[in-house]
Amino acid sequence: VLIPLLGLGLAVYFYSGPGNFSEEMLRGKRVIVTGASSGIGEQMAYHLARMGAHVLLTARTEAKLQKVVDKCLDLGAASARYVSGSMESTAFAEEVVKEAEITWGGLDMLILNHIGHSFFDFFNGDVDHVRKLMETNFLSYVAMTVSALPMLKESEGSIVVVSSISGKVASPFTAPYSATKFALEGFFSSLRHEFIIENVNVSITLCILGYINTENAVRTVSHVIKGAPAPKEECALEIIRSGALRQRELHYPASIVTPTVLLRDFAPDFLDGLVRSNLRHGAA
Ligand code: NDP
């Protein structure tokens, strides 16, 4: 009895079928994208613009954000604007949400995607770096969620949290980053329960990403990781799609992420060996 039940449970848990996604679902929607000046966030901004959404973009570098906003307007965004600042400060995180409230009077989707700079190397004992990264990669996500919740409840909207395979399975050389991504899963999974208990119709989608070909990721890890990265444009589209479909979890690329997550629980020592063998020796 247990084995078929387990099989059924896994099938339901990992189900991410085609659903009924249509780009029309995003037309006229009011969406905040953080970390939108480069990488996956920038690509999400372009997809949303093409779909006719209103976008509010944020990151630190104003010149890059201005260029992304201009391109979004060319692509057909219903409207596009930016707020620049650092997510090291929860006050700034709240300010971004306030801007959406002032501009739109509401919000349909909050896409939390930014990350602060970290290193890819042995953990050097720098506790301040861990604290700073927790503030940028985790606490600002919490602060934005708290501020946006009244508007998202009103619109029955969506929260999309961009995480990583490093938030499910730890690998060497990523201790502070991995800690911030594991924290996201704990916090947002607990919140999802509470929404259900309190009949709050706001979806939470956790996006578990493998290696993606953004400039920063390739620069940081290409000399260490074996295997080719997946395309950021497709990744960005999959994130928007899973958020619009109110899926619990996205695995991208699924062919790598889903088996890895399965192995974590069934054969952790075997998986740890695989993780280490996927890194070039002595290359950190
Ligand atoms: P990028 O480094 O390309 O982009 C990061 C974004 O965050 C930029 O817009 C950057 O802009 C912004 N940012 C950096 N520091 C701060 C800060 N202190 N305050 C506010 N914004 C900041 O990242 P990716 O596109 O590669 O990654 C996007 C998401 O995907 C992240 O959550 C990452 O963990 C996840 N992911 C990516 C993988 C990959 O291989 N690329 C793998 C697994 C997960 P600016 O510098 O102008 O502030």
Side-chain angles (χ1 to χ4, degrees), residues 32-47 55-69 82-96 111-120 129 131-141 143-144 160-171 173-174 176-185 188 205-222 224-225 227-240 242 249-253 256-257 260-261 278:
I32 294 178
V33 184
T34 73
S37 65
S38 65
I40 299 163
E42 177 184 359
Q43 298 305 317
M44 287 195 275
Y46 298 149
H47 284 303
V55 291
L56 175 58
L57 311 178
T58 182
R60 292 168 306 173
T61 319
E62 202 168 348
K64 286 194 202 167
L65 285 169
Q66 183 62 63
K67 281 189 186 159
V68 180
V69 159
Y82 70 84
V83 193
S84 61
S86 175
M87 289 289 177
E88 270 169 52
S89 140
T90 49
F92 176 69
E94 288 157 11
E95 189 187 318
V96 175
I111 305 184
L112 299 166
N113 164 77
H114 64 275
I115 41 165
H117 176 72
S118 193
F119 48 80
F120 193 84
H129 174 68
R131 184 180 297 114
K132 198 168 146 185
L133 209 63
M134 283 303 270
E135 278 164 4
T136 306
N137 292 10
F138 173 64
L139 271 182
S140 67
Y141 281 42
M144 287 192 80
V160 177
V161 179
V162 180
S163 187
S164 163
I165 190 74
S166 294
K168 289 275 190 190
V169 173
S171 67
F173 316 132
T174 59
Y177 172 77
S178 195
T180 66
K181 293 299 193 184
F182 268 78
L184 288 175
E185 170 141 19
F188 283 96
T205 300
L206 190 69
C207 304
I208 310 299
L209 309 184
Y211 180 27
I212 313 298
N213 69 356
T214 64
E215 218 179 293
N216 280 342
V218 169
R219 189 180 336 109
T220 311
V221 300
S222 62
V224 188
I225 290 189
K232 60 185 180 214
E233 297 81 1
E234 184 181 73
C235 175
L237 186 58
E238 285 303 302
I239 293 172
I240 292 166
S242 62
E249 207 163 283
L250 165 71
H251 290 179
Y252 180 88
I256 292 171
V257 173
T260 307
V261 173
N278 191 39

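Both counts, for ligands and for their atoms, begin at 1 and track the order of listing. These numbers come from the heavy atoms of this one structure, side chains and all, not from hydrogens, waters or symmetry mates. None of these values were measured; they are calculated from a predicted model.
Within the listing of ligand 1, atoms 7 (O), 21 (N) sit less than 4.0 angstrom from a heavy atom of His114. Short contacts between ligand 1 and Asn216, defined as distances under 4.0 Å to a heavy atom of the residue, involve ligand atoms 1 (P), 2 (O), 3 (O). Close approach of ligand 1 to Tyr211 is summarised as follows: ligand atoms under 4.0 Å from at least one heavy atom of the residue are 40 (O). Taking a cut-off of under 4.0 Å to the non-hydrogen atoms of Val162, the atoms of ligand 1 that pass are 29 (C), 30 (O), 32 (O), 35 (C). The Tyr177 neighbourhood of ligand 1 comprises atoms 33 (C), 34 (O), 36 (N), 43 (C), 44 (C), with distances under 4.0 Å to a heavy atom of that residue. Numbered from 1 in the order shown, with element, the atoms of ligand 1 that lie under 4.0 Å from a heavy atom of Ala217 read 39 (C), 40 (O), 41 (N). Of all atoms in ligand 1, numbered sequentially from 1 with element shown, those under 4.0 Å from a heavy atom of Thr61 are 45 (P), 46 (O), 47 (O). The distance from ligand 1 to the heavy atoms of Thr214 drops below 4.0 Å at these ligand atoms: 24 (P), 25 (O), 26 (O), 41 (N).
Residue pairs meeting the side chain to side chain donor-acceptor pair (under 3.5 Å) criterion with at least one member in residues 86-95, sequence neighbours excluded, do not occur.
Looking at heavy atoms from C-beta onward, Tyr211 lies in side-chain contact with Val221 at the 4.5 angstrom threshold. At least one side-chain heavy atom of Ile115 sits under 4.5 Å from a side-chain heavy atom of Lys181. Between Val96 and Met87, some side-chain heavy-atom pair lies under the 4.5 Å cut-off. Under the 4.5 Å side-chain criterion, counting only non-hydrogen atoms from C-beta, Met134 is not in contact with Leu139. Thr220 places none of its side-chain heavy atoms less than 4.5 Å from the side chain of Phe119. Proximity of Leu206 to Glu185: side-chain heavy atoms (C-beta onward) are separated by under 4.5 Å at one or more points.
Within the set Gly210, Cys235, Ser222, the minimum heavy-atom distance to atom 38 (C) of ligand 1 is found for Gly210. Distances from atom 15 (N) of ligand 1 to the heavy atoms of Ile115, Leu65, Val96 put Ile115 nearest. Residue Ser86 holds the heavy atom nearest to atom 18 (N) of ligand 1 of all those in Ser86, Gly39, Ser164. Heavy-atom proximity to atom 31 (C) of ligand 1, evaluated over Asn113, Val161, Thr58, Leu133, is greatest for Asn113.
Shortest contact from atom 8 (C) of ligand 1 to any protein heavy atom: Ser38 OG, 3.4 Å. Counting only heavy atoms of the protein, atom 40 (O) of ligand 1 lies nearest to Ile212 N, 2.8 Å. Among protein heavy atoms, the minimum distance from atom 27 (O) of ligand 1 is reached at Ile40 CD1, 4.0 Å. Given atom 22 (C) of ligand 1, the protein heavy atom at minimum distance is Arg60 NE, 4.0 Å. Protein heavy atom closest to atom 7 (O) of ligand 1, with residue, atom name and distance, is Gly35 CA, 3.5 Å.
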**OP:** Determine, step by step, whether Leu209 and Ile239 satisfy the side-chain contact (heavy atoms from CB on, under 4.5 Å) criterion, reporting the C-alpha distance in whole Å, the side-chain angles of both residues, the deciding distance to 0.1 Å, and the verdict.
**Re:** CA-CA 9 Å; Leu209 309 184; Ile239 293 172; 4.2 Å; yes
**OP:** Evaluate the criterion side-chain contact (heavy atoms from CB on, under 4.5 Å) for residue pair Leu112 and Phe188; output intermediate values, then yes/no.
**Re:** CA-CA 12 Å; Leu112 299 166; Phe188 283 96; 4.1 Å; yes
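Heavy-atom contacts from other residues, nucleotides or ligands closer than 6.0 Å to CD of Gln66 number more than 12.
Checked by distance only, ligand 1 and Ile165 stay at 3.5 Å or farther apart across all their nitrogen or oxygen atoms. Below 3.5 Å of separation, one finds an N or O of Met87 facing an N or O of ligand 1.
Here the CG atom belonging to Leu250 is positioned 11.5 Å from the CD1 atom belonging to Ile240, to the nearest 0.5 angstrom.
For the ligand labelled ligand 1, residue Ser140 lies outside the 4.0 Å heavy-atom shell. Using a 4.0 Å cutoff on heavy atoms, Ser166 does not count as a contact of ligand 1. For Lys181, the heavy-atom gap to ligand 1 drops under 4.0 angstrom.
Using modelled atom types, one finds no donor on one side chain facing an acceptor on the other under 3.5 Å when comparing Glu233 with Tyr46.
Side-chain atoms of Asn213 come within 3.5 Å of backbone atoms of Lys232 as a donor-acceptor pair (strictly under, hydrogens ignored). Within the 3.5 Å criterion, the main-chain N or O of Gly35 finds a donor-acceptor partner in the side chain of Asn113.
At a heavy-atom distance under 4.0 Å, only backbone atoms of Ala36 (N, CA, C or O) approach ligand 1. With a 4.0 Å heavy-atom cut-off, ligand 1 is reached by the side chain of Thr136 but not by its N, CA, C or O. Contact annotation for Ser37 and ligand 1: heavy atoms of both the backbone and the side chain come within less than 4.0 Å of the ligand.
Scanning both residues, Thr214 and Gly39, for their nearest heavy atoms gives CG2-CA, 3.6 Å.
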